[in-house]
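Here is the structure we will look at, set down as structure tokens.
Computation of the quantities below employed the complete heavy-atom set of this structure, encompassing side-chain atoms and omitting hydrogens, waters and symmetry-equivalent molecules. From a predicted model like this one, the values you see are computed outputs, not experimental measurements.
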Protein chains: 2
Amino acid sequence: MTGEQQARKRDAAATKAALLDAAEELFAERGFDRTTVRDIAKRAGANQALLFRYFGSKESLFGVVMARGGLAQLETTPPEQLFETTLRTLLEPPRDGSPHRSLETYLRSTGSSGAGTAMHEQVGEEYARVLATLTDQPDAQLRADLVLAWLLGIGLVRSVTGKEPLASADPDDIVRLIRPAVQTLLERNGQPG
Amino acid sequence: MTGEQQARKRDAAATKAALLDAAEELFAERGFDRTTVRDIAKRAGANQALLFRYFGSKESLFGVVMARGGLAQLETTPPEQLFETTLRTLLEPPRDGSPHRSLETYLRSTGSSGAGTAMHEQVGEEYARVLATLTDQPDAQLRADLVLAWLLGIGLVRSVTGKEPLASADPDDIVRLIRPAVQTLLERNGQPG
DNA sequence: CCGGTTTGTAAGCACCTGCTTACAACGCTA
DNA sequence: TAGCGTTGTAAGCAGGTGCTTACAAACCGG
């Protein structure tokens, strides 16, 4: 709820931005399916017809939201810090002005629309590609997928299902437990049997 | 030739079972939200009004489906094999007569209804409790949650988003890569800093 | 055969969904 | 100031949702 409903009288750019912000929040909180265009318009303080005028459809808006900030963190974080940085972002409560919440949206929108699928592929591919640079082992891609899977699983258990003690655990403790295990995964040769 | 639809003429028990089977399949395939009561009734070859007569509501049916077979694997698998067994179940394509698909449903129904939340808590709690017996370290519960998170994350990336190379990887390879990392997670003392 | 109960069916209700349309209010500019 | 494109609004549409109701057909004990 941006409290400037009266302040913005005739400003298409601001309305578009408000719709995008509201959509980003709601998609991250509820996923694609359980977010309605009426909810988005209401939170943005705009008429829902404008959503369709500016973005065409709900799916198209979803795509714009994902494209806008989905990969920002990825581009500004060195690979060797990506795992820990992403993990901490996922673990900390969403602050204003924090990186965009693409992984959360990824989680909450599993099994949703076609737009969701395309987004899944893109976001997952990008993260895994960077993570794969962290190991010289032959199965680099697969190992990277497993790291990504862990990130997503932690986000799932923590922010979606709220399972304790994980949900309330100190991010430092989680990082301390996980780091050596990830190191094992990335560095150890696969051994037969 | 009498068609199979007439074969079950007046048999409430069989109709209930058919509805349960259909619901279990569809919830696992699409999650709670994207499964409609009309779909369930259609796959079961039954009238949708019967679904409400026998189960009261869609949410209630969901609860019955989860309660029916959700924890079967948990009760018949020794703790030290639980991780690998569950992982392999998650990795293999669903066969007929295979264990119930509670974790898949868990995944696909994230962020769904209240019934989904209750189920999430129950299933997650049971798995984590058993997994926690695998370590003597102080943070046993937290470590168990992290193992569970990895399981769910792998299921998510593999069966929901279909990301390659994980989606098509040999289960043996995945197990070989993951086992030492899980061992590290469970056995290693948390070290400060 | 009769009456009541159980099982199955078709139709519909009230609500929600994404999306569209018709129109009013505004502000630029000629 | 008159005209006109732009921005915002209210109302509604077509289809889908969970769920209910009214009723017919089958079964069973008497």
Side-chain angles (χ1 to χ4, degrees), chain A residues 1-23 26-27 29-65 108-109 111-116, chain B residues 2-23 26-27 29-65 108-109 111-117:
Chain A
M1 301 205 215
T2 52
E4 309 169 4
Q5 290 169 350
Q6 269 98 325
R8 188 181 71 247
K9 269 218 221 160
R10 274 177 71 86
D11 187 340
T15 299
K16 276 169 95 164
L19 285 168
L20 275 172
D21 290 342
L26 287 166
F27 286 145
E29 288 170 13
R30 310 181 191 172
F32 182 84
D33 280 342
R34 296 181 74 80
T35 299
T36 74
V37 295
R38 285 172 175 80
D39 290 336
I40 297 171
K42 187 176 180 183
R43 184 171 296 198
N47 190 289
Q48 58 147 337
L50 297 177
L51 187 156
F52 294 95
R53 178 176 295 166
Y54 293 138
F55 299 102
S57 71
K58 184 189 173 186
E59 278 210 6
S60 169
L61 170 61
F62 186 82
V64 174
V65 167
R108 307 242 185 205
S109 301
S112 285
S113 66
Chain B
T2 54
E4 296 107 41
Q5 289 175 340
Q6 269 89 338
R8 188 180 72 246
K9 267 218 222 159
R10 272 177 70 87
D11 188 340
T15 300
K16 275 169 97 165
L19 284 168
L20 275 172
D21 289 342
L26 287 166
F27 286 145
E29 289 170 14
R30 310 180 191 172
F32 182 84
D33 279 343
R34 298 181 73 81
T35 298
T36 73
V37 295
R38 285 171 175 81
D39 290 336
I40 296 171
K42 187 176 179 182
R43 183 171 297 198
N47 189 289
Q48 59 146 338
L50 296 178
L51 187 155
F52 294 95
R53 178 176 296 165
Y54 294 137
F55 299 101
S57 70
K58 184 187 174 189
E59 279 209 6
S60 169
L61 170 61
F62 187 82
V64 174
V65 167
R108 306 242 184 205
S109 301
S112 284
S113 66
T117 301

Tabulate atom names and distances for all N/O pairs under 3.5 angstrom spanning the protein and nucleotides 20-27 of chain C.
residue	atom	partner	partner atom	Å
C:dC26	O2	A:Arg10	NH2	3.1

Write down the distance between CD (A:Glu59) and P (C:dT17), rounded to a whole number of angstrom. 17 Å

Any side-chain heavy atom of B:Ile40 within less than 4.5 Å of one from B:Leu61? yes

Hey, does A:Phe55 reach any base, or is it just sugar-phosphate, or nothing, if we go heavy atoms under 4.0 Å? nothing

Mapping A:Ser57 and B:Leu50 onto DNA chain C by nearest heavy atom, which one lands closer to the 5' end? B:Leu50

Taking only the side-chain nitrogens and oxygens of A:Thr15, find out if one of them lies under 4.0 Å from OP1 or OP2 of D:dG8. yes

Check whether any side-chain N or O of A:Lys16 sits under 3.5 Å from a backbone N or O of A:Phe55 as a donor-acceptor pair, and report yes or no. no

Send over the distance from B:Arg34 CZ to D:dG16 C1', rounded to a whole Å. 13 Å

Taking for each residue the nucleotide of DNA chain C with the nearest heavy atom, is it A:Thr35 or B:Tyr54 whose nucleotide lies nearer the 5' end? B:Tyr54

Rounded off to whole Å, could you give me the CZ-to-P distance for the A:Arg38 and C:dC15 pair? 14 Å

From CG of A:Asp11 over to C1' of D:dG8, roughly how many Å is that when rounded to an integer? 12 Å

Separation of D:dT17 atom P from B:Leu26 atom CG, nearest Å, is 12 Å

What's the separation between atom CZ in A:Arg43 and atom CG in A:Asp21, rounded to the nearest 0.5 Å? 10.5 Å

From CG of A:Leu19 over to P of C:dC19, roughly how many Å is that when rounded to an integer? 14 Å

Quick one: pull up CG in B:Leu51 and CZ in B:Arg38 and give me the separation to the nearest 0.5 Å. 11.0 Å

What integer distance in Å separates A:Lys58:NZ from D:dG15:P? 19 Å

B:Asp39 side, atom CG; B:Glu29 side, atom CD - distance, nearest 0.5 Å: 10.0 Å

Could you tell me the separation between the CZ atom of B:Arg53 and the CG atom of B:Leu19, rounded to the nearest 0.5 Å? 12.0 Å

Under 30°, 30 to 60°, or over 60°: which ring-plane class applies to B:Phe27 and B:Phe32, parallel, tilted or perpendicular? parallel

Distance in angstrom units between B:Ile40 CD1 and D:dT17 P, rounded: 11 Å

